[in-house]
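See structure below.
A, B, ... follow the sequence lines: proteins, then strands. Residue 1 opens every chain. The shown structure was predicted, so the numbers you read here are calculated from the model rather than taken from an experiment.
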Protein chains: 2
Amino acid sequence: MTARRTTMREVALKAGVSVFTVSAVVNASAKVATNTRQSVLEAMRVLDFEPNHAARAMKLAKSMSVTYVVSDPGQFTDEAVGVNLAGMLEALGAHGYNLVIESALKDFSELKRALRQGRIDGAILSAMPPGPMLEELLLWTQPFVLFDQPSAPTGVPTVFASYRSGIEAAVDHVAARGRRRIAFVGGPPVAQLNVLHNVERYAGFTEGCRRAGIAADPTLIVNSDFSIQGGRAAMRRLLEQTPPDAVVCATDRLAVGAVHAIQAHGLRVPDDIAVTGFNDSEFAIATDPLLTSAHFPVREMGFRAAELLIRRIEGRLLPGQERLEIPIDLIVRGST
Amino acid sequence: MTARRTTMREVALKAGVSVFTVSAVVNASAKVATNTRQSVLEAMRVLDFEPNHAARAMKLAKSMSVTYVVSDPGQFTDEAVGVNLAGMLEALGAHGYNLVIESALKDFSELKRALRQGRIDGAILSAMPPGPMLEELLLWTQPFVLFDQPSAPTGVPTVFASYRSGIEAAVDHVAARGRRRIAFVGGPPVAQLNVLHNVERYAGFTEGCRRAGIAADPTLIVNSDFSIQGGRAAMRRLLEQTPPDAVVCATDRLAVGAVHAIQAHGLRVPDDIAVTGFNDSEFAIATDPLLTSAHFPVREMGFRAAELLIRRIEGRLLPGQERLEIPIDLIVRGST
DNA sequence: CTGTTAGCGCATTCAG
DNA sequence: CTGAATGCGCTAACAG
């Protein structure tokens, strides 16, 4: 099956040098006379030599690959995953690392095995649910970085965007446009997944109201799931009472549903009710009018996370630079 | 950094057996007396032993990992990528394989290097543009499978859905509901990417019209890009003339835009104009009314592709089972 | 500057 | 059934 691959010995033989010399030119690890190098390079080219990865990995005790692991299989449905991957790949590729994907994380056993087997050198852990697993991490000596985890303890390498401040910005924005009866459509009140994010967003809402001098009205706060249908249902509930004049949604999907429910009810966006989304995903331009939405640069976040991990793996992570908060911008469009 | 990992020798020492015996129980490669096995297992447990992956890979000349490569970085933006990954992971995991992601493919040099280096055992190539690269593949002896590539030559392992028949089904459907003036909103007429898919879809449209006994009207065929905005623009153009009574779109995004343009024009969906999408992505439920859309099981396709590749790697791919067409179903919703 | 030598951790031949 | 010995392809001391 696998065609016999050429080895360093063959290259050395052909070039009339020792194996060491070949290794030296491959890794630029030692000075080699220009003409010897040339003949080695030539031999490599002719024989189409590529250094065997496994042998290298074994010798160096380094796999040159890292893993990206999501805490919930549902996350793969998120359209941001692909963009995130692209960002990580860019950073990893620049440093010669590979990205291996693990399926969703039930517990750490599989990940720890991969680490112990030397299959990977480190891990990027995305949106871990709070709980014992997260705390176990604090004891780890293995390189890892948390992704999208605002409440990570200090000292733990983390790349995140503050959902809280994103929602706050949305509330500020609609309040600045004179809206006073502001509703909030959030995610599931208690779920294994993303509770944290939900809590963050909810906190952003109450804080935003406080700053705007508005008493957050409990009847204007609705929990839902993160889906379009959930947004429709939640908004319908809000329309059963005196309608709000603005609705801040925890995701773009929810906002899409909200817009539909409002329009189906015979009201107009933004004239009667302003709506904000969250994530600035493509759903934000899938409504008419387009959605005002909180944007964070997913690709860049992936890039940063990978860079952080590499620094950590290579022992070049300086204290104070482990925690990276990515700013969120509110993109204002027609819905407000 | 990396804590010294325990080796087979240490396990052997502790269990009072030879290294061979340990290897035998780890790989179940030879008969071992039950009680010796027990003590070995016990020693492994106590020492927390995991076989070193690199050493194994070197010895067996097998990396136990495969790669998934997209032909265009833009593909990572596609929300289907994540789902696809999940499907592949499921199949790969069941056979002990890892998935490593490569960044977009410019040429094959990087992929071939990975193969030669023994870093991967095979590759899943997604939506390759037609051209010399594709033809080069026919000469490959390395294991690979094409994904989402309807026109692959026979004999080349391929998993795909017939876009053509999907569009045909959409045309059939609206024609069966009495629509006669059917428009088509397609992707870019000539693009490096996905030309093939576009051609396929266009062919599906003309074939569908033929079968319905409708002369395909060139003024009702509009090319665009694959975006929501593109759909809006294309539909606006169609509304400048005598409006169609149905619009078949090449993607859900285009359909979303089309629905907006129609409604903004003061017409109703589906009463005045029926609209169909394609992909049954989440965008299909991001309109009001919801979109009728052609559905294909992305996750299953990923699963199948991975299985095919594994069979190919392990030399268990029987002739006649290399080409797998996944059926497309038309999901009928409110837009028609 | 270059060649010799000794393993890295594991799977596997060949004797026992 | 078990054990000692060999080598996979490469890197890195150590000598020359």
Side-chain angles (χ1 to χ4, degrees), chain A residues 1-41 43-44 47-64 96 113-119 121, chain B residues 1-41 43-44 47-64 96 113-119 121:
Chain A
M1 171 106 315
T2 309
R4 169 118 183 59
R5 290 189 271 255
T6 78
T7 78
M8 273 195 177
R9 171 140 83 239
E10 302 174 71
V11 176
L13 219 63
K14 174 139 204 131
V17 298
S18 80
V19 180
F20 170 80
T21 310
V22 179
S23 173
V25 348
V26 168
N27 301 293
S29 57
K31 292 284 169 215
V32 176
T34 317
N35 35 2
T36 7
R37 141 173 300 121
Q38 284 310 327
S39 57
V40 170
L41 252 25
M44 281 171 49
L47 298 175
D48 200 11
F49 169 77
E50 284 293 340
N52 180 282
H53 181 253
R56 253 188 118 110
M58 180 165 118
K59 191 66 198 171
L60 302 177
K62 192 130 184 295
S63 66
M64 291 309 285
R113 274 188 58 209
L115 249 8
R116 291 194 65 79
Q117 292 179 172
R119 224 164 50 199
D121 297 331
Chain B
M1 170 104 314
T2 310
R4 170 118 182 55
R5 290 188 271 255
T6 79
T7 79
M8 272 196 177
R9 172 140 83 241
E10 303 174 69
V11 175
L13 219 64
K14 174 139 207 129
V17 299
S18 79
V19 180
F20 171 81
T21 310
V22 178
S23 174
V25 348
V26 169
N27 302 293
S29 57
K31 294 282 169 216
V32 177
T34 316
N35 35 3
T36 7
R37 142 172 299 123
Q38 284 311 326
S39 57
V40 170
L41 252 25
M44 281 172 49
L47 298 175
D48 199 10
F49 169 79
E50 283 295 339
N52 179 281
H53 181 254
R56 253 190 117 102
M58 180 165 122
K59 194 68 200 165
L60 302 176
K62 191 128 185 297
S63 66
M64 291 308 285
R113 275 187 58 210
L115 249 7
R116 290 194 67 77
Q117 292 178 172
R119 226 165 49 200
D121 297 331

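- For the pair A:R116 and B:N52, the minimum side-chain heavy-atom distance is 4.5 Å or more.
- No hydrogens or angles were tested; on distance alone, a donor-acceptor pair under 3.5 Å links the side chain of A:K59 to the base of C:dG7.
- Side-chain proximity of A:F20 to D:dG9, D:dT2, C:dT4: nearest is C:dT4.
- Counting to the nearest Å, the P atom of C:dA11 and the CZ atom of B:R9 are 15 Å from each other.
- Minimum heavy-atom separation, A:V40 to A:V22: CG1-CA, 4.2 Å.
- Checking D:dT11, C:dA11, D:dG9 against every side-chain atom of B:M8, the shortest atom distance belongs to C:dA11.
- Here the nucleotide nearest the side chain of A:V32, chosen from C:dT2, C:dA11, D:dT2, is C:dT2.
- Per the geometry, NE2 belonging to B:H53 stands 13 Å off C1' belonging to C:dG9, to the nearest Å.
- Between the P atom of D:dT2 and the CD atom of B:Q38 lies a distance of 13 Å, rounded to the nearest Å.
- In summary, of the residues considered (B:V19, B:T21, B:L13), a side-chain contact (heavy atoms from CB on, under 4.5 Å) with B:V17 occurs for B:T21 alone.
- Relative to the side chain of A:A33, the nucleotides D:dG9, D:dG7, C:dT2 differ in distance, and C:dT2 lies closest.
- Relative to the side chain of B:R56, the nucleotides D:dG3, D:dC8, C:dC10 differ in distance, and C:dC10 lies closest.
- B:T36 has no side-chain polar atom (N or O) that falls below the 4.0 Å cut-off from OP1 or OP2 of D:dC1.
- Between the CG atom of A:L60 and the C1' atom of C:dG7 there is a distance of 13 Å, given to the nearest Å.
- Among the nucleotides D:dC10, C:dG3, D:dG3, the one closest to any side-chain atom of A:T21 is C:dG3.
- Mapping A:S23 and B:S18 onto DNA chain D by nearest heavy atom places B:S18 closer to the 5' end of the strand.
- Atom CZ of B:R37 and atom C1' of D:dT2 are 14 Å apart (whole Å).
- Annotation: side chain of B:T6 is not in contact with side chain of B:D48 (no heavy-atom distance under 4.5 Å).
- Along DNA chain D, the nucleotide nearest to B:V17 and the one nearest to B:A55 differ in position, and the one closer to the 5' end is contacted by B:V17.
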